[in-house]
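Please read the structure below before turning to the comments.
Sequential numbering from 1 along the given sequence is applied to the chain's residues. Order of listing sets the numbers, starting from 1, for every ligand and every atom in it.
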Amino acid sequence: MTAVPIADISAFVGEKNNERERKEAAKQLADAVKVNGCAGITGHGLPEADLGEAFSTMRKLFGLPLDDKMKAPHPDGPRPHRGYLATAKEKSGKLGAVWSTSKSEKEFFAKAIDWKETYDIGHEDNRDQPNVWLPDDILPGFRPQMVKLYDQLTAVAEAILEGLMLGMDLTEDECKTLRQMHSPIEHQIRLAHYLPMNYDDLNDPNKIRLASHRDFSSYTLLFQESESGLEFQNRANGEYLPASPREGVMYLNIGELMERFSNGKPKGLYPSAMHRVAIRPTKDGEKTVPGRFSLPFFTKIKPAEPIYPLPSRVEADGKANYEPVGFQDLAKKLFSTLLPTDSPKE
Ligand SMILES: O=C(O)CCC(=O)C(=O)O
Ligand SMILES: [Fe+2]
């Protein structure tokens, strides 16, 4: 396999309810995702114009002076995971090192600097993790635009969940449980700006865009503008496949949680995808790499929920590949490595 497979989810979008079309679409989605935990998704229903406006707002947001961006600072520590985090503050290499099996790669990741800045947004009613907004005069209209986008992305995520569930052949009760767990209050939009890189940046061995990692989500929807760099690992040989920007295509990757619900590994249905954002090799003689904007939407579950392989999947696979684990415990184990609490303040 040399490309990320594509699946069309339009059968799950809107009010359509054609059972045969849904079954075919679910099979296409499951067949795509079970290979490497990822797929390109068409027919997701998010209007191109709204997506375009979100990217143009991101350009304005990240183009603001640092002092202005720091008026919505991401608090120290991993939670609440909200607001603006300045360039080089997040250490995705620490997370990459958790999964890396090579000593030299672990050493490299320990020193890696993420050459990116981010702004995280959740649901307005999430009391555990309240949003951190910029004052409205700094970026007028930002808040209502993101609130609307959050709802639109939630609808896309719900369509994906229906497809993934049908592809897993679950009982109606199991579907109900999963729908309830995937509360619309828990998800997270991330606005990400990978900075342009000049000759010196490119020659700095420690500067990376985003280290190889798996997401601490149920599944993640990924939108990107024109610049590529997103890559998914081919589990068959360890190489990385480019997930190039294509009009109308969003990428989907399975995260830690859905992997466990689906009894995903080693041979189960939905393995979480190892992925990264690579610095694309420059053309001969070119000394810079352009900036890159991306917009992941992480679907999460309620913090109190247990995570365990669903009985239908255990029956189909003959055994449970995971012990049940609490969401909070899993989050602590994985996420605490990601955000520095010891880094100096701006
Ligand atoms: O920027 C991208 O395209 C991917 C981002 C990502 O994988 C993440 O934030 O977890
Ligand atoms: Fe990711």
Side-chain angles (χ1 to χ4, degrees), residues 4 33 36-41 44 46 51 54-55 58-59 61-62 74 78 81-100 109 112-122 153 157 160 187-197 207-233 240-246 249-259 270-280 289-300 330-331 334-335 337-339:
V4 177
V33 164
N36 291 314
C38 59
I41 302 290
H44 52 72
L46 185 73
L51 200 55
F55 278 106
M58 281 167 75
R59 285 181 181 277
L61 167 72
F62 291 116
H74 188 302
H81 202 16
R82 300 288 183 259
Y84 174 72
L85 197 61
T87 305
K89 286 286 178 187
E90 191 166 71
K91 301 266 186 274
S92 66
K94 283 196 182 178
L95 198 60
V98 172
W99 279 292
S100 174
F109 278 147
I113 297 168
D114 287 24
W115 214 228
K116 70 172 199 299
E117 52 183 343
T118 51
Y119 194 112
D120 292 302
I121 299 163
L153 291 168
I160 292 279
H187 308 321
Q188 177 199 344
I189 295 181
R190 162 159 277 203
L191 309 176
H193 175 216
Y194 299 85
L195 276 78
M197 299 181 88
K207 278 186 185 157
I208 61 168
R209 281 199 153 162
L210 189 60
S212 304
H213 66 284
R214 303 184 204 284
D215 284 349
F216 185 65
S217 64
S218 183
Y219 50 98
T220 305
L221 317 180
L222 285 161
F223 299 87
Q224 51 190 336
E225 233 191 356
S226 50
E227 292 303 325
S228 47
L230 175 63
E231 299 181 342
F232 292 107
Q233 192 174 44
Y240 278 82
L241 306 167
S244 304
R246 291 172 52 174
V249 174
M250 91 181 183
Y251 286 93
L252 163 71
N253 71 264
I254 300 296
E256 289 281 338
L257 312 183
M258 184 56 77
E259 170 179 309
Y270 300 144
S272 68
M274 194 71 158
H275 57 289
R276 68 185 182 189
V277 179
I279 299 165
R280 283 302 173 143
V289 170
R292 174 174 184 272
F293 294 88
S294 73
L295 194 158
F297 185 66
F298 303 100
T299 68
K300 310 247 168 151
L330 192 61
L334 294 167
F335 216 49
T337 58
L338 186 57
L339 276 169

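Listed by chain and number, His213 NE2, Asp215 OD1, His275 NE2 are the protein N/O/S atoms closer than 2.8 Å to the Fe ion (ligand 2), with waters left out.
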Any protein N/O atoms within less than 3.5 Å of an N/O atom in ligand 1? List the atom names and distances, or say none.
| residue | atom | partner | partner atom | Å |
| --- | --- | --- | --- | --- |
| ligand 1 | 1 (O) | Tyr194 | OH | 2.7 |
| ligand 1 | 1 (O) | Arg292 | NH1 | 3.0 |
| ligand 1 | 1 (O) | Ser294 | OG | 2.6 |
| ligand 1 | 3 (O) | Arg292 | NH1 | 3.3 |
| ligand 1 | 3 (O) | Arg292 | NH2 | 2.9 |
| ligand 1 | 7 (O) | His213 | NE2 | 3.2 |
| ligand 1 | 7 (O) | His275 | NE2 | 3.0 |
| ligand 1 | 10 (O) | His213 | NE2 | 3.0 |
| ligand 1 | 10 (O) | Asp215 | OD1 | 3.1 |

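A search for ring pair (Phe, Tyr, Trp, His ring centres under 6.0 Å) contacts involving Phe297 returns Tyr150, His187, not counting sequence neighbours. A search for ring pair (Phe, Tyr, Trp, His ring centres under 6.0 Å) contacts involving Phe232 returns His275, not counting sequence neighbours.
Between the side chain of Glu90 and the backbone N or O of Thr118, no donor-acceptor pair lies under 3.5 Å.
For His74 and Tyr84, the gap between ring centers reaches or exceeds 6.0 Å.
Look at Arg209 and Glu227 and you find no salt bridge, because none of the NZ, NE, NH1 or NH2 atoms lies under 4.0 Å from a carboxylate O. With respect to the salt-bridge test (charged N to carboxylate O, under 4.0 angstrom), the residues Glu225 and Arg59 qualify.
Two residues are said to be in side-chain contact when any heavy atoms from C-beta on lie closer than 4.5 Å; Leu295 and Leu191 meet this criterion.
Taking both residues in full, the closest heavy atoms of Met274 and Ser212 are given as CE-CB, 4.1 Å, listed atom of the first, atom of the second, then distance.
Partner of Asp120 under the salt bridge (Lys or Arg N to Asp or Glu O under 4.0 Å) criterion, out of Lys89, Arg190, Lys300: Arg190 alone.
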